[in-house]
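Keep in mind that the numbers below use all heavy atoms, side chains included, and drop hydrogens, waters and symmetry copies.
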Amino acid sequence: MDITDRKLAEEKLLESEARYKAILDAIPDLMFRISRDGEYLDLKSEEVNLTLTREEIVGKHVQELLPSDVATISLEAIAKTLDSGTLQTCEYQLPTPLGVRDYEARLVVSGQDEVLAIVRDITDRKQGEVALQNLAQKFAKAFSCSPDSITISTIQEGRFIEVNDSFVNLSGYERDETIGKTSFELDIWVHDRDRLNLLQELQATGVARNLEVEFRQKSGEIITAMLSAEVIDLDGTPCILAVHHDITERKQVEAQLRLSAQRDRLLAETLVRIRSSLNLDQILQTTVTEVRQFLQADRVFISLNNANLGVRTLAESVDPKYPSVSGWSTNDEAYLQEVRNLLKDNLVRVFEDITQMAVSPKVRAHCRKFQTKASLAVPIMLGDELFGALIANQCSGSRHWQPIEIDLLKQMSEQVAIAIQQSQICQKLAELNTNLEHQVEERTAQLQQKMQEVEKLHRVKDVVLHTVAHDLRTSVMGNLMVLKNLLNQGVESGEEVEGQGSASRGERGNFLFSPLPPAPRSRASSQSPIPVSRSIIERMIQGNDRQLTMINSLLEINSCEKQGIDIKLEPVQFSNLLGGTFAQLEPILTQNQATLKNLVPADLPLVMADGTLLQKVLANLISHSLQNNPPGLNFILSATLEAGMIRIQIRDDGVTMSKLECDRLFDLHVRDPQDCCSTNIGLKMYLCRKVLTAHGGEIGVISNRKRGLTFWFTLPLAKILESPLPL
């Protein structure tokens, strides 16, 4: 019997069984053969972790191994599979040592009244689905509840697929008006280039962050938003998920801040100009130019309100497209009064639309003439007086004037008022200065005339002083010569000297008493001679000596005041200087029975001094004490070094003086007229101060507490360069 076909069929069957077995082995799921009544007939559990063994499962009923609810679900699925002959799926949960797990069972008919159940652990999938569902819920909530506008639209057309409530509030379009429409159909983009830039950035990087764009609302109002977007895939369609953050208010605040900064800068610069410039025309012109630039107005000008000149324009800045009000003026009192009424009470007048303003036909005609559509006027007040106004005009159309613009004009009007007041003050100051210059010139001419008169008087005084002093000095010297000659003729003490005697003696007497030749004889010359005692002649000599010394002192003081002291400074050893001074003072000290004790060190440094003048100073100081004290005065002379100076002190034990007398001793002032010697002594003391001041030192006197005076004066040390040491 030919069994070739059967063998071929068997081989194919074996191949088919091997193939299905390989497929069955490759399936990692758990497989059960279950009868209609729910008995486990067989199972495949390789590579599957089961808590029960094969023997504990095969032959058992599903109700014995599964929870009642799961068993019921399983029996219903088995019956439905066998009855319908189609694949049935059911899901259930079972407790395991790892916790509750989710399973999916797929049931197919595998024989007569039996099914094949393929069981798969779907715990991970179920958890992923739950997580995805939770994520979708979160995204949906975030999408719908976000305060920022969120849209999903196609990349190609920009057709809206989904929008949230914030987009509805931001755009003004309802959701049903937006879904299915493109952004171009709704005319949302103000600038088409903004969407083009967005697409280019998305194509380059896939994301776009913080793009500042402008959108048009349904009402037509423009808003500014910060746009961030990413590309997402919805069912194979590339879409744009875009988030729009409205920054319109922030941009408005920034613009206000910029305007405030510009306003503050403008005010500061105006204030600086006012303080640094006196050119009022330049200040006003710069002010209107910068105010117009700040306001972006068509015309800004400053007008003057004058009772005599009417209204006229002081400064103006205007767009060339519109007429200028510069040079325009009027004397129409009705028009002027209406303008004053508009600006009375120092109020700001805001006109956003001139056509809606209730004004007279004259004012309306004026606005038409200069094409004024909107106006902002701020009065310029000088105290309580209306000086003029700072006015901004919009000629292109009506305009809403912002508060910051109104505030700027108010502050600028105050600064302009300050500039005008400053200019007026400067003008008054200039007038006063001119008057003052004229007065100064007149006073200067008068003073020069008086000075010339004083100079003439001084010249007359000098001539009189020199003439009188010369004649008086000649007379005094003549008297001294006569008196000294009489004493030198050997007249004995107490012997009288005849004023007139014999002819030969009378002639000789007249010659001795006067340098003039003897006068002719007369009858009176024959009278009896006048006896003159020696003491009287000595007193006359002393008086003439004092007068001569005083005259010499006056001449010396006059020379010092006019030409200064003729001083010749040179290094001097003070101890050597004292030797010559003591020799000169010895006769007067002996005559007054006075003593002088010298305590000056011999090794004192050299001083810069004029030796001759310094000896006169020492002699004058000692003479002062001798002339104001009885005989028997004692002097102590000492010297010390003090800060580069030598301090010399002359102390006596005579009478004291008051502080006022000490302070005025070296001043040139009128002395006691009852003391015939006070004036002479005062002149010498004044000359002592002049000499010490010329040396660069000082002089003074101290009244001792118990007795006597201490004269002191200072002299600078000599600065002598040291010679180099020999090599």
Side-chain angles (χ1 to χ4, degrees), residues 262-263 266-320 322-332 335-351 354 363 366-367 369-372 374-395 399 401 405-427:
Q262 293 177 4
R263 179 198 61 186
L266 182 59
L267 290 173
E269 291 178 352
T270 303
L271 184 60
V272 169
R273 283 195 301 271
I274 291 174
R275 290 183 176 180
S276 60
S277 175
L278 299 177
N279 190 337
L280 180 61
D281 294 337
Q282 181 181 3
I283 293 174
L284 298 181
Q285 186 58 48
T286 305
T287 299
V288 295
T289 300
E290 295 194 359
V291 169
R292 188 174 82 85
Q293 182 179 0
F294 176 84
L295 297 179
Q296 294 297 304
D298 296 327
R299 183 191 301 116
V300 175
F301 63 96
I302 296 175
S303 64
L304 168 67
N305 173 45
N306 189 285
N308 298 325
L309 302 177
V311 174
R312 62 187 181 90
T313 303
L314 297 180
E316 180 192 31
S317 175
V318 62
D319 191 310
Y322 302 103
S324 171
V325 299
S326 178
W328 176 86
S329 63
T330 181
N331 292 319
D332 189 339
Y335 175 82
L336 295 178
Q337 188 59 42
E338 182 176 0
V339 173
R340 294 190 188 103
N341 292 336
L342 291 175
L343 297 173
K344 69 179 181 179
D345 301 328
N346 195 16
L347 297 177
V348 179
R349 294 301 175 181
V350 181
F351 306 104
I354 295 295
V363 175
H366 175 81
C367 295
K369 176 181 179 181
F370 293 101
Q371 303 180 20
T372 304
S375 180
L376 176 61
V378 180
I380 299 174
M381 306 296 296
L382 297 184
D384 297 331
E385 180 184 355
L386 177 64
F387 177 84
L390 174 61
I391 303 172
N393 292 156
Q394 195 69 25
C395 300
R399 173 170 177 167
W401 301 100
E405 298 172 337
I406 299 173
D407 182 67
L408 171 68
L409 251 68
K410 290 173 63 178
Q411 297 194 47
M412 291 301 295
S413 69
E414 295 174 359
Q415 300 301 325
V416 169
I418 293 173
I420 294 171
Q421 289 176 335
Q422 178 175 287
S423 176
Q424 292 177 348
I425 292 173
C426 290
Q427 185 177 359

With rounding to the nearest 0.5 angstrom, report the CG to OG1 distance, L390 to T287. 8.0 Å
Can you find a heavy atom in the side chain of L409 that is under 4.5 Å from one in the side chain of L295? yes
How many angstroms lie between atom CZ of R349 and atom CD1 of I406, to the nearest 0.5 angstrom? 12.5 Å
Can you give me the closest heavy-atom contact between C395 and F370, atom names plus distance? SG-O, 3.9 Å
If I compare all heavy atoms of R299 with all of P323, which pair ends up nearest, and what's the gap? NH2-O, 2.9 Å
Measure across T372 and I354 and return the closest heavy-atom pair with its distance rounded to 0.1 Å. O-CG1, 3.7 Å
With no hydrogens and no angle check, is any side-chain donor or acceptor of R292 less than 3.5 Å from a backbone partner on A297? yes
Check: Q411/D407 side-chain N/O donor and acceptor closer than 3.5 Å: yes
Taking the side chain as every heavy atom from C-beta outward, state whether L284 and V416 have any pair of such atoms under 4.5 Å apart. yes
State which residues pass side-chain hydrogen bond (donor to acceptor under 3.5 Å, both in side chains) with T286; sequence neighbours excluded, sorted by chain then number. none
So if I apply the side chain to side chain contact (heavy atoms under 4.5 Å, CB included) rule between S413 and each of I380, L408, I418, which one comes out positive? I380
Output, in order, the C-alpha distance, side-chain angles, deciding distance and verdict of side chain to side chain contact (heavy atoms under 4.5 Å, CB included) for I302 and I391. CA-CA 6 Å; I302 296 175; I391 303 172; over 6 Å; no
Identify the two heavy atoms, one from Q296 and one from Q394, that lie closest to each other, and give their separation to 0.1 Å. O-OE1, 3.9 Å
Could you pull out the closest heavy-atom pair between F351 and W401, with the gap in Å? O-NE1, 3.4 Å
Run the side chain to side chain donor-acceptor pair (under 3.5 Å) test on S324 and E316 for me, step by step, so that the C-alpha distance in whole Å, both residues' side-chain angles and the decisive distance to 0.1 Å come before the verdict. CA-CA 8 Å; S324 171; E316 180 192 31; 2.3 Å; yes
Once salt bridge (Lys or Arg N to Asp or Glu O under 4.0 Å) is applied, do any residues pair with D319, and if so which ones, sequence neighbours excluded? none
Does a side-chain N-to-carboxylate-O contact under 4.0 Å join E405 and K410? no
Nearest heavy-atom neighbours spanning N393 and S375: ND2-OG, 3.1 Å
Could you pull out all residues at least two apart from S326 that satisfy side-chain hydrogen bond (donor to acceptor under 3.5 Å, both in side chains)? none
If you round to the nearest 0.5 Å, how far is CD of Q282 from CD of Q285? 10.0 Å
